[in-house]
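All values below were derived from every heavy atom in this structure, side-chain atoms included, with hydrogens, water molecules and symmetry-related copies excluded.
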Number of protein chains: 2
Amino acid sequence: MRRRTEPPGLTLAERKRQLVRDELGDAALRLLARQGFEETTVDQLAAAAGVSRRTFFRYFASKEDVVISFVSVVGEELVAELEARPAAEPPAVAIREAVKAVTVEHFAENREKSVALIRHTLRIPALRARFAERRDLLRDDVAAALARRCDLAEPTPRLHFAAGLGLLAFDVAIQHWAEVDGHADAAVIIDEAFAEAGKAFAL
Amino acid sequence: MRRRTEPPGLTLAERKRQLVRDELGDAALRLLARQGFEETTVDQLAAAAGVSRRTFFRYFASKEDVVISFVSVVGEELVAELEARPAAEPPAVAIREAVKAVTVEHFAENREKSVALIRHTLRIPALRARFAERRDLLRDDVAAALARRCDLAEPTPRLHFAAGLGLLAFDVAIQHWAEVDGHADAAVIIDEAFAEAGKAFAL
DNA sequence: CCTTGCATGACACTCAGTGTCAACTGCGGC
DNA sequence: GCCGCAGTTGACACTGAGTGTCATGCAAGG
C-alpha cells in the first residue's frame, strides 16, 4: 500500500481523487434531478463530469450508488456521533441525540438539495431498495456501536431493537420532513418521532 | 405452501398459468440453492423449467423476484391475518398474533426450505436489497391495515411506528430462527422478540 | 371453418457492470 | 537529466439483465 510519504494531511493523489469523486457526484445529482433517474444513462453521468463511462464505475459501484452514497455518509456520521455521546447516557437517549445531530447537520443545512434527494430516493424503486438495504446494514452498525458503549463484545437483541427503533424514527421523521418541503424544525420533528415511537407499543 | 386454495371459478388458462409459474419458481429455487444466485443466469433458470428466457420475464419481473415473491406472499397473508383479528384487540397485540400466525404457517411448516431461503436472501446483497424494499412497502400496508381496524382513513404516525416495530420484531425473530437452523419453537421466538422490542425504549 | 384472444419463442436492442490493456501521469531515486 | 514505479484513465470487448416487437401456434366459441 502506501508506506512512502504519508504527511499529516492527504496525498495529492488522494485529494485529486476526492475532487473527481465530488465533481462526478455533483454533476450526477444535477443531471438526475433534471432528467430523472431511470431516464439517465451512466454514459450521460460520466459525460456530464467529463470522464469516461469506465471511470464512473471506478468511483461508484453502481448508478444507484451516486445517490445512495450521500445517505451512507450520513450513516457513518451517525455511528461516529453515537460513539461521541457520554457513556452514562441510556441507549435510547444517545440514539435520539445522535440522530438529531446528524439530521440538523446534514439535512436541515441543505434543505432544498436534501428534500429533492429524499423524494427521488423514495419514488424510484431501485433507489428505494438500495436505501432500505443500507439502512438494514446500518442497523447492525448502530447496534454494534451501542454494544461498545456498554462494554459488550456483541449487541444484545434488545440493542438491536433499540437500533432498529432509532432508525425507524429517523426514517419516519425524515420522510415527514421531506413531505413538508423541509419547512419544519428538524430537531423538533425528530423529538416528536422518538416520543411517538416510545408510545407505539403501549397501544 | 404451494397447495393453494383454487376457487372453482378459475379458467383453464389461469390454472395453466399458475402451473407454469409454480414450475418456474420451483425449478429456480432448486437451481439457485445448488449453484448460488449470482452464478446462475436467467437463461439457466428458464431452461430448467423448459421455457424461453423471454417467458421467464413474463412471469417474474426480475431474477430477484423469483426468490422475493415467496416473501411477498407472506406479506400479503400477514395483512390478511391482521384484518381477521378481532377489532377490539390493541394494535400491538394484533400485530404480534398476526406475525406469529404467518410465521408458524409459512416458515415452521417448511423448515428446511425456509431456512435456506432466508439465509440466501440475507447473504446476497441484491436479494437483501429487494427484501428490505419489500419490507418497507409492507410497512405501509400494515400501517394501513391497522388504520382500517381503527376506522381511520389514514394511518397515524403512531400506527406507522407500530407497524415498523412489528416488522422489526418479525425480522429479528426470523433471522434468529434461521441462525439456529429452525430448531426452535417459532411461536416462542416471536413472543420473545415482541417482549424485547417493547422494552427496547425503556433503556 | 374461421376468428379472436392468449401464451410462447425468436430476435434484436439498450444499458449496467466488469476485465483487460495500452497510454499517460507525476514522483522519487540514480 | 533519465529511469522506473505506481496510480489513473480511456478504449474496447464481453456478459448478462431486461424490454419491445413480431410471427406462430393453439384453444374456445360463433
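Note on B/R21 versus B/D26: no salt bridge recorded, every NZ/NE/NH1/NH2 to OD/OE distance being 4.0 Å or above.
Judged by a 6.0 Å distance limit and a 45° cone about the ring axis, B/K199 is not positioned over the six-membered ring of A/F161.
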Give the intermediate values and the outcome of salt bridge (charged side-chain N to carboxylate O under 4.0 Å, His left out) for residues A/R135 and B/D136.
CA-CA 11 Å; A/R135 202 186 31 200; B/D136 237 45; 2.4 Å; yes

For salt bridge (charged side-chain N to carboxylate O under 4.0 Å, His left out), just list the numbers for A/E83 and A/R148, CA-CA rounded to whole Å, side-chain angles, deciding distance to a tenth of an Å, and then say yes or no.
CA-CA 8 Å; A/E83 279 169 342; A/R148 276 194 296 278; 2.5 Å; yes

Stepwise, does the salt bridge (charged side-chain N to carboxylate O under 4.0 Å, His left out) test hold for B/R134 with B/D65?
CA-CA 11 Å; B/R134 286 278 176 168; B/D65 224 42; 3.5 Å; yes

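Judged by distance alone, with hydrogens and angles left aside, the side-chain atoms of B/R111 form a donor-acceptor pair with the main-chain N or O of B/D181 at under 3.5 Å.
B/S72 and B/S69 share no donor-acceptor pair across their side chains, judged by distance under 3.5 Å alone.
Residues of residues 53-68 of chain B that place a heavy atom closer than 4.0 Å to DNA chain C, in numerical order, are B/R54, B/T55, B/R58, B/Y59. Near DNA chain D, defined here as any heavy-atom distance below 4.0 Å, the residues from residues 32-44 of chain B are B/T40, B/T41, B/V42, listed numerically.
Per the geometry, CG belonging to B/L19 stands 14 Å off P belonging to C/dA7, to the nearest Å. Following rounding to the nearest Å, A/R15 (CZ) and D/dG7 (P) show an atom-to-atom distance of 17 Å. We find that CG of A/L45 is positioned 12 Å from C1' of C/dA16, with the value rounded to whole Å.
Closest approach to the B/V20 side chain among D/dG10, C/dG9, C/dT8 is made by C/dT8 (side chain taken as heavy atoms from C-beta onward).
A search for ring pair (Phe, Tyr, Trp, His ring centres under 6.0 Å) contacts involving B/Y59 returns nothing, not counting sequence neighbours.
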